[in-house]
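Scope of the values below: all heavy atoms of this structure, side chains included, with no hydrogens, waters or symmetry mates.
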Amino acid sequence: MKAYTFETGLPGLSDLIHSEYDPTYTTDKRVGRGGVGTARTFPAFALTATVLIGAATVTSAAVVGTGNGAIGAVTADAGAAAGVYQVVIIEPAANGGTFQVIRPDGVLDGTGVIGTAYNGTINFTLADGSTDFVAGDRIGVTVAYGSGVVAKDVPWAPAGTDGSQTITGINLVEAEAPVGVDIELTVLARGPVIIRREAIAWPAGVTDAQKAAAYARLAELGIQPRISG
């Protein structure tokens with residue numbers, strides 16, 4: 001199927017979109033989350049992320065490996081991504097050691113110490129047992145959402161821990177959500193599509209490394225960022 005240049009009555013979209021196959025397939029209407037304290041701004045061509053609003057159920061599995069320590073007081077931050085988080089021992093020690101927490105998308109959430117409260121996207125204390133852990137021992141922690149949970153888009157926040165760190169699209173039309181009032185967004189959600197990467201509206205303070213990761217994430221969505229020329 002031949003790609004074509006995107007044309008629309010809305011001015012400015014061709015500044016971002018070079019070509020795509022079918023705009024009725026590549027774009028979504030989504031809920032933009034209302035502001036908290038102040039209005040929430042969604043600039044045109046800014047990257048967006050989807051957060052889950054509602055209570056999560058958090059459960060931990062048995063240790064896979066040698067050690068027999070246990071996780072206790074397990075909770076999840078508001079909007080934590082659903083799925084299985086892996087708590088992996090990386091540096092074992094007698095009656096202790098350190099571990100990493102890997103999010104469901106494979107990204108490192110953080111590093112913690114056995115016997116000390118861990119505070120990340122998920123929160124818990126991993127206690128030592130009568131048999132020490134060894135490197136590679138792991139415990140799965142599942143975050144799940146039931147009925148009544150609502151997905152809403154927010155501007156991408158690379159350092160977020162509530163789902164706002166995972167890009168799910170590009171906002172196409174500038175909008176502002178008043179405090180406590182959700183709005184409708186038009187989001188470029190998937191490809192095949194080629195965009196002009198110099199047109200992306202980046203959040204303040206974004207680093208080159210974060211931009212590189214964003215390009216890779218967009219490519220996973222089928223959105224190919226390229227330099228015009």
Side-chain angles (χ1 to χ4, degrees), residues 6 8 10-18 26-53 76-81 101-111 119-123 150-191 193-229:
F6 184 83
T8 178
L10 294 172
L13 291 190
S14 61
D15 292 339
L16 173 74
I17 300 175
H18 176 275
T26 57
T27 58
D28 286 343
K29 294 294 186 181
R30 294 187 185 170
V31 176
R33 189 179 185 186
V36 178
T38 60
R40 192 186 306 274
T41 300
F42 294 86
F45 312 155
L47 305 175
T48 63
T50 304
V51 298
L52 300 175
I53 311 301
D77 285 356
V101 178
I102 309 299
R103 298 174 188 164
D105 61 2
V107 174
L108 176 67
D109 186 68
T111 302
N119 183 14
T121 305
I122 57 173
N123 313 290
V150 178
K152 299 183 181 182
D153 271 28
V154 296
W156 174 55
T161 60
D162 60 353
S164 60
Q165 74 278 7
T166 303
I167 296 166
T168 58
I170 304 176
N171 181 50
L172 294 180
V173 182
E174 182 177 358
E176 183 175 274
V179 174
V181 180
D182 297 335
I183 60 173
E184 183 179 81
L185 300 176
T186 301
V187 176
L188 180 64
R190 65 191 66 83
V193 60
I194 298 171
I195 64 169
R196 309 176 202 277
R197 77 180 197 179
E198 65 270 21
I200 295 173
W202 297 104
V206 67
T207 66
D208 288 343
Q210 289 167 339
K211 287 183 179 182
Y215 295 142
R217 171 58 182 162
L218 289 171
E220 291 176 358
L221 299 174
I223 301 170
Q224 301 294 334
R226 298 184 183 175
I227 299 174
S228 297

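- Residues G160 and S164 share a closest heavy-atom pair of CA-OG, 3.6 Å.
- A distance-only check finds no donor-acceptor pair linking the side chain of D162 to the backbone of D77 [under 3.5 Å].
- P178 approaches A39 most closely through the heavy-atom pair CA-CB, 4.3 Å.
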Exercise. Check step by step if side chain to side chain contact (heavy atoms under 4.5 Å, CB included) holds for V31 and V150.
Key: CA-CA 9 Å; V31 176; V150 178; 5.8 Å; no
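- Closest of all the heavy-atom pairs between G169 and V187 is CA-CG1, 3.7 Å.
- Judged by distance alone, with hydrogens and angles left aside, the side-chain atoms of D109 form a donor-acceptor pair with the main-chain N or O of T121 at under 3.5 Å.
- Put simply, CG on L185 and CG on D182 are 9.5 Å apart, with the number rounded to the nearest 0.5 Å.
- Here the shortest heavy-atom pairing between R197 and P225 reads CB-CB, 3.6 Å.
- Atom CZ of F45 is separated from atom CG of N171 by 9.0 Å, given to the nearest 0.5 angstrom.
- Between the CG atom in L52 and the NZ atom in K152 there is a gap of 11.5 Å [rounded to 0.5 Å].
- Expressed to the nearest 0.5 Å, how far CZ of R190 lies from CD1 of I223 amounts to 8.5 Å.
- Taking all atoms of both residues into account, the shortest heavy-atom contact from A49 to G163 is CB-O, 3.5 Å.
- Qualifying side chain to side chain contact (heavy atoms under 4.5 Å, CB included) partners for T166, counting only residues two or more places apart in sequence or in other chains: D105, R217.
- For the pair I170/L218, a side-chain contact is recorded, criterion being any heavy-atom separation below 4.5 Å from C-beta on.
- Taking CG from L188 and CD1 from I195, the interatomic distance works out to 7.0 Å, rounded to the nearest 0.5 Å.
- Rounded to the nearest 0.5 angstrom, T41 OG1 and E176 CD are separated by 4.5 Å.
- No option in T48, T168, V206 other than V206 meets the side chain to side chain contact (heavy atoms under 4.5 Å, CB included) test with W156.
- Of all non-hydrogen atoms in A214 and I167, the two that sit nearest each other are CB-CD1, 3.5 Å.
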Exercise. Go through the steps for Q224 and V193 under the test side chain to side chain contact (heavy atoms under 4.5 Å, CB included), then give the verdict.
Key: CA-CA 6 Å; Q224 301 294 334; V193 60; over 6 Å; no
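- Here A177 pairs with R40, F42, I183 under the side chain to side chain contact (heavy atoms under 4.5 Å, CB included) rule; sequence neighbours left out.
- Listed by first then second residue, pairs satisfying side-chain hydrogen bond (donor to acceptor under 3.5 Å, both in side chains) with a partner in residues 204-214 read T207-Q210, not counting sequence neighbours.
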